[in-house]
Amino acid sequence: MSAEPTLLELLNARVGAALAAAGCPDAPAIVQPAGRPEFGDYQANGIMAAAKARKMNPRQLASEVAAKLDLAGIADKLEIAGPGFINITLSSDYLAARAQAALTSATLAVPQPPQQTVVIDYSAPNLAKEMHVGHLRSTIIGDALARVLRFLGHTVIAQNHVGDWGTQFGMLTAYLIEAEQAGGELDLNDLEGFYRRAKQRFDDDDAFADRARDTVVRLQGGDAQIHALWQRFLDISMSHCEEVYATLGVLLTRADLKGESAYNAMLPGIVSDLQAKGMAVESDGAQVVFLDEFKGKDGEAAAYIVQKQDGGYLYATTDLAAVRHRASELKAQRALYVVDARQSLHFQQMFTVARKAGYAPAEMSLEHVGFGVMLGEDGKPFKTRSGGTVKLAELLDEAITRAFALVGEKNPDLPEAQRHEIARAVGIGAVKYADLSKNRMSDYVFNWDTMLAFEGNTAPYLQYAYTRIAGIERRAEGAIDANAPIVLHDEAERTLALELARFADAVHAVARETQPHLLCIYLYQLAGQFMRFYEACPVLKSEGTVRASRLQLCRLTSATLRSGLGLLGITTLETM
RNA sequence: CUUCGAGUAGCUCAGUGGAUAGAGCACCGGGUUGCGAACCCGGAGAUCGCUGGUUCGAGUCCAGCCUUGAAGACCA
């Protein structure tokens, strides 16, 4: 519970108190935004259930609760409706006061919940290759969650759990040695081509394959020369990632890098510890933790392998080492794993083992923030026309190119440099928003036309709403009184103020549910309410206190859109 | 076979056990001597996969089935 409640928290607390006063102490109020305008602004749904549990007449209980409900200065109308709803209409003065308070607050009056240390594991590309579309969702969902949690005052520790270890790096390093010996025209700028040629060598030449395997052994054995070459390869690959991160505008840096290799030294200790605790046992030569928790109807316990027959370790072991590190070293109270939903079973098992082994204390929250796969229009995994993976850098370039063409249509008179800048914000914003605005658990049909339509519920619609306000503020010039009182007369003004008052609840919901699309829905509604206000209520043409008040509503709306889009990693523009 | 997702308008998607299931796109019809029309307003369009159950109330919870995707001992 926040020190200062959000609007929804406040209403729930007040109705809950009234329920208690009416003889139902533990009955939840269940306050929600009203389903229809004629039901007011909020509706309390909890009375019917409370009455049922106590064999009372629900409408009678509702009138008792309403009589005891203290919303002085907050609501000016309460109605008992239907089988026992309490419909609440907030007072316009109260909405105006909330808007006024938000205007003078650096955080838009969004209350901060109790502070936590939150580890977010996201992006995690495989450094053997260039980033492809499969890395997009984790990267932008994780980035949005990081921004939201930081905004709420939490300490966020990003962990980029990159793939930088394993047999393929032996192959790549061996190929690097060979290419340098051959005279050095190796082109690491084309990482994908380099990987392809190395793989070709590996498949075609047994001698090379043997050298590659030997290189892995030497790398893992701590050979300094091999290690230096491996490190060089990683640096170059990481630079590629950083270019993509810069284009996307995500916050990840090298300081957040914590790849698989970082946990290498911990792995033997994990296995021996699990053995000592009687959890890991030998089975067919491998070290396995059997989990009764995952027994199906067939009665077989799931096998969680932590060490292979040949003594090698798996990602199962690495992930245990990582969770142990996040708990004991990083002191995380909450750990989020923004990883493909296909790994759901793996995470459920890993979390179970981590808890039983004591690597993650009971009070530490472990959450798999899963998401669906990107599909092509044919419903199959998204590929290029020729069947290859789509490089992320190319996808982003295309988005920007398409946006640039659109800006040229809409606003051909702007200088070219500015059109390029707008195209970046709009193109990247469209890609991110198309992803973030969908429930992350469902599979995601990738479609250029849908994604880059720039119409309806898209980033450009929100960006456009922002530039409209920016235009008004520009024209108002110095005549804006930042202390002017907000007065809500027109229905469109009131509806806009109500929507503005819900910002905190939207942000809190995103942090709680790890669902960025809840913020998208909110911002789309806010932009829509602004557009209606814009049609109905002239700002610059109005006069005196009305004009000053409307300008204040504009200022708060633009600040909220800028802040909200910023939390999604989407930039706003003064002109577009 | 087991487990976990998903199935809502022609398409892409919302929908915290509540009142008449909502948007956008596409389609049809309106709106600019108004602050940016990348906009606004209206219309049409849905047996919420199927069948039962739980209850004052089910798209939402439970069971079974259908379709689809994924995972399920030595890749990650």
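In what follows, every chain begins at residue 1, and chains take the letters A, B, ... in the order their sequences are listed. Here the structure is a predicted model, which means the values were calculated and not measured.
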Please produce a list of atom pairs where a protein N or O lies less than 3.5 Å from an N or O of nucleotides 12-18 of chain B.
| unit_1 | atom_1 | unit_2 | atom_2 | d |
| --- | --- | --- | --- | --- |
| rC13(B) | OP1 | Val445(A) | N | 3.2 |
| rA14(B) | OP1 | Asn439(A) | N | 2.4 |
| rG15(B) | OP1 | His517(A) | NE2 | 2.9 |
| rG18(B) | OP2 | Gln32(A) | NE2 | 3.2 |

Enumerate all atom pairs, one protein N or O and one N or O from nucleotides 25-29 of chain B, separated by less than 3.5 Å.
none

Worksheet item: Using 4.0 Å as the upper bound for N to carboxylate O, is an ion pair formed by Arg550(A) and Glu493(A)?
Response: yes

Name the pairs: protein N/O against N/O of nucleotides 7-10 of chain B, kept only if under 3.5 Å.
none

Worksheet entry | Whole-Å distance separating the OH atom of Tyr433(A) from the P atom of rG24(B) | 12 Å

Worksheet item: When you compare rA37(B) with rU32(B), how far apart are their C1' atoms, in angstrom units rounded to a whole number?
Response: 7 Å

Discussion item. Need one value for Phe39(A): base, sugar-phosphate or nothing, where a base atom within 4.0 Å counts as base even if backbone is also close, heavy atoms only.
Written reply: base

Discussion item. I'd like to know if the side chain of Glu9(A) reaches the main chain of Thr6(A), judged simply by a donor and an acceptor atom lying under 3.5 Å from each other, with no hydrogens or angles considered.
Written reply: yes

Worksheet item: Please give, in whole Å, the distance from rA37(B) C1' to Glu409(A) CD?
Response: 14 Å

Response to the item:
Taken in chain and number order and not counting sequence neighbours, the residues that satisfy salt bridge (Lys or Arg N to Asp or Glu O under 4.0 Å) with Glu543(A) are none

Fill in: Side chain of Met531(A) - closest among rA38(B), rA76(B), rC40(B)
rC40(B)

Discussion item. If you go through the side-chain atoms of Tyr464(A), does one of them form a donor-acceptor pair with the base of rA38(B) closer than 3.5 Å?
Written reply: no

Fill in: Min side-chain heavy-atom separation Glu574(A)-Arg474(A) under 4.5 Å
yes

Item to complete: Would you mind checking if Lys199(A) and Asp203(A) are paired as a salt bridge, meaning a charged N to carboxylate O distance below 4.0 Å?
Response: yes

Response to the item:
Exactly one candidate in Thr317(A), Val353(A), Val281(A), Val288(A) meets side chain to side chain contact (heavy atoms under 4.5 Å, CB included) with Leu274(A); the answer is Val353(A)

Worksheet entry | Base paired to rG22(B) (Watson-Crick or G-U; both N/O distances under 3.5 angstrom) | rC13(B)

Discussion item. Tell me whether the count of non-hydrogen atoms from other residues, nucleotides or ligands lying under 6.0 Å of NZ in Lys438(A) goes above 12.
Written reply: yes

Worksheet entry | Test ring-ring contact (aromatic ring centres under 6.0 Å, His included) applied to Tyr461(A) and Tyr524(A), step by step | CA-CA 8 Å; Tyr461(A) 176 82; Tyr524(A) 183 59; 5.3 Å; yes

Discussion item. Using the salt bridge (Lys or Arg N to Asp or Glu O under 4.0 Å) criterion, which residues pair with Glu535(A)? Sequence neighbours excluded.
Written reply: none

Worksheet, complete the sentence: Taken to the nearest whole Å, CD/Gln349(A) to C1'/rG72(B) is 8 Å

Discussion item. Under 4.0 Å, heavy atoms only, any strand: does Thr467(A) hit a base, just the sugar-phosphate, or nothing?
Written reply: base

Worksheet entry | Per Arg475(A) side chain, nearest of listed nucleotides rC40(B), rC74(B), rC35(B) | rC35(B)

Discussion item. Looking at Asp121(A) and Arg326(A), is there a salt bridge between them, counting it only when a charged N and a carboxylate O are closer than 4.0 Å?
Written reply: yes

Worksheet entry | Euclidean distance for P, rU12(B) against rG5(B) (whole angstrom) | 23 Å

Worksheet item: Using a cut-off of 4.0 Å on non-hydrogen atoms, how would the nucleic acid contact of Ala81(A) be classed: base, sugar-phosphate, or nothing?
Response: base

Fill in: Sugar-phosphate, base or nothing in reach of Asn87(A), heavy atoms under 4.0 Å
base

Fill in: Opposite nucleotide pairing with rU32(B), Watson-Crick or G-U, both atom distances under 3.5 Å
none

Practice prompt. Can you tell me, in whole Å, how much space there is between the C1' of rG42(B) and that of rC48(B)?
Written response: 26 Å

Fill in: Neighbours of RNA chain B within residues 533-545 of chain A, by heavy-atom distance under 4.0 Å
Tyr534(A), Glu535(A), Cys537(A), Pro538(A), Val539(A), Leu540(A), Lys541(A)

Fill in: C1'-based separation of rA14(B) from rA23(B) [nearest Å]
7 Å

Worksheet item: Picking from rC4(B), rC75(B), rA73(B), which would you name as closest to the side chain of Lys308(A)?
Response: rC75(B)

Worksheet entry | Between rC4(B) and rC61(B) - P atom distance, rounded Å | 14 Å

Item to complete: For Asn126(A), report the nucleic acid contact type (base, sugar-phosphate, nothing); a contact means any heavy atom under 4.0 Å.
Response: nothing

Practice prompt. Give one of base, sugar-phosphate or nothing for Arg36(A), where a contact means two heavy atoms less than 4.0 Å apart.
Written response: base

Worksheet item: Can you check whether Tyr263(A) and His161(A) have ring centres sitting under 6.0 Å from each other?
Response: yes

Fill in: Mutual orientation of the aromatic rings belonging to Tyr304(A) and His346(A) [parallel < 30°, tilted 30-60°, perpendicular > 60°]
parallel

Worksheet item: Glu499(A) CD to rA23(B) C1': how many Å, rounded?
Response: 14 Å

Worksheet item: Any idea which of rG24(B), rC39(B), rG36(B) is nearest the Tyr524(A) side chain?
Response: rG24(B)

Discussion item. Please classify the nucleic acid contact of Glu574(A) as base, sugar-phosphate, or nothing, using heavy-atom distances under 4.0 Å.
Written reply: base

Worksheet item: Relative to each other, are the rings of Phe503(A) and Tyr522(A) parallel, tilted or perpendicular (30° and 60° limits)?
Response: tilted

Response to the item:
Arg468(A) has its side chain closest, among rG36(B), rA71(B), rA73(B), to rG36(B)

Worksheet item: Roughly, in whole Å, what's the span from CZ in Arg532(A) to C1' in rC35(B)?
Response: 18 Å

Discussion item. Regarding Phe371(A), tell me which of base, sugar-phosphate or nothing describes its non-hydrogen contacts under 4.0 Å with the strands shown.
Written reply: nothing

Worksheet item: Using the C1' atom in both, what is the distance from rG10(B) to rA76(B), to the nearest Å?
Response: 39 Å

Item to complete: Please confirm whether Arg468(A) makes a cation-pi placement over Tyr534(A), using NZ or CZ under 6.0 Å from the six-membered ring centre and within 45° of the ring normal.
Response: yes

Worksheet item: Looking across every strand, which nucleic acid part, if any, lies under 4.0 Å from Ser283(A) by heavy atom: base, sugar-phosphate, or nothing?
Response: base

Fill in: Same-atom distance (P) from rG24(B) to rC40(B), integer angstrom
8 Å

Worksheet item: When rounded to the nearest Å, what value does the distance between P atoms of rC28(B) and rG36(B) take?
Response: 30 Å

Worksheet item: Looking at Asp41(A) and Arg502(A), does any basic side-chain N land under 4.0 Å from a carboxylate oxygen?
Response: no

Worksheet, complete the sentence: Checking N1-N3 plus N6-O4 or O6-N4 for Watson-Crick, or N1-O2 and O6-N3 for wobble, each under 3.5 Å, the partner of rA73(B) is none

Worksheet item: Rounding to a whole Å, what distance do you find between Leu291(A):CG and rA73(B):C1'?
Response: 12 Å

Worksheet item: According to a strict under-4.0 Å criterion, is Tyr466(A) in side-chain N/O contact with OP1 or OP2 of rC39(B)?
Response: no

Worksheet item: Under 30°, 30 to 60°, or over 60°: which ring-plane class applies to Phe404(A) and His420(A), parallel, tilted or perpendicular?
Response: parallel

Worksheet item: Checking side-chain contact (heavy atoms from CB on, under 4.5 Å) for the pair Val306(A)/Ile270(A): CA distance, chi angles, key distance, verdict?
Response: CA-CA 9 Å; Val306(A) 292; Ile270(A) 294 283; 5.7 Å; no

Discussion item. Regarding Ala286(A), tell me which of base, sugar-phosphate or nothing describes its non-hydrogen contacts under 4.0 Å with the strands shown.
Written reply: base

Worksheet item: Applying a 3.5 Å limit to both distances, which nucleotide forms a Watson-Crick or G-U wobble pair with rU51(B)?
Response: rA63(B)

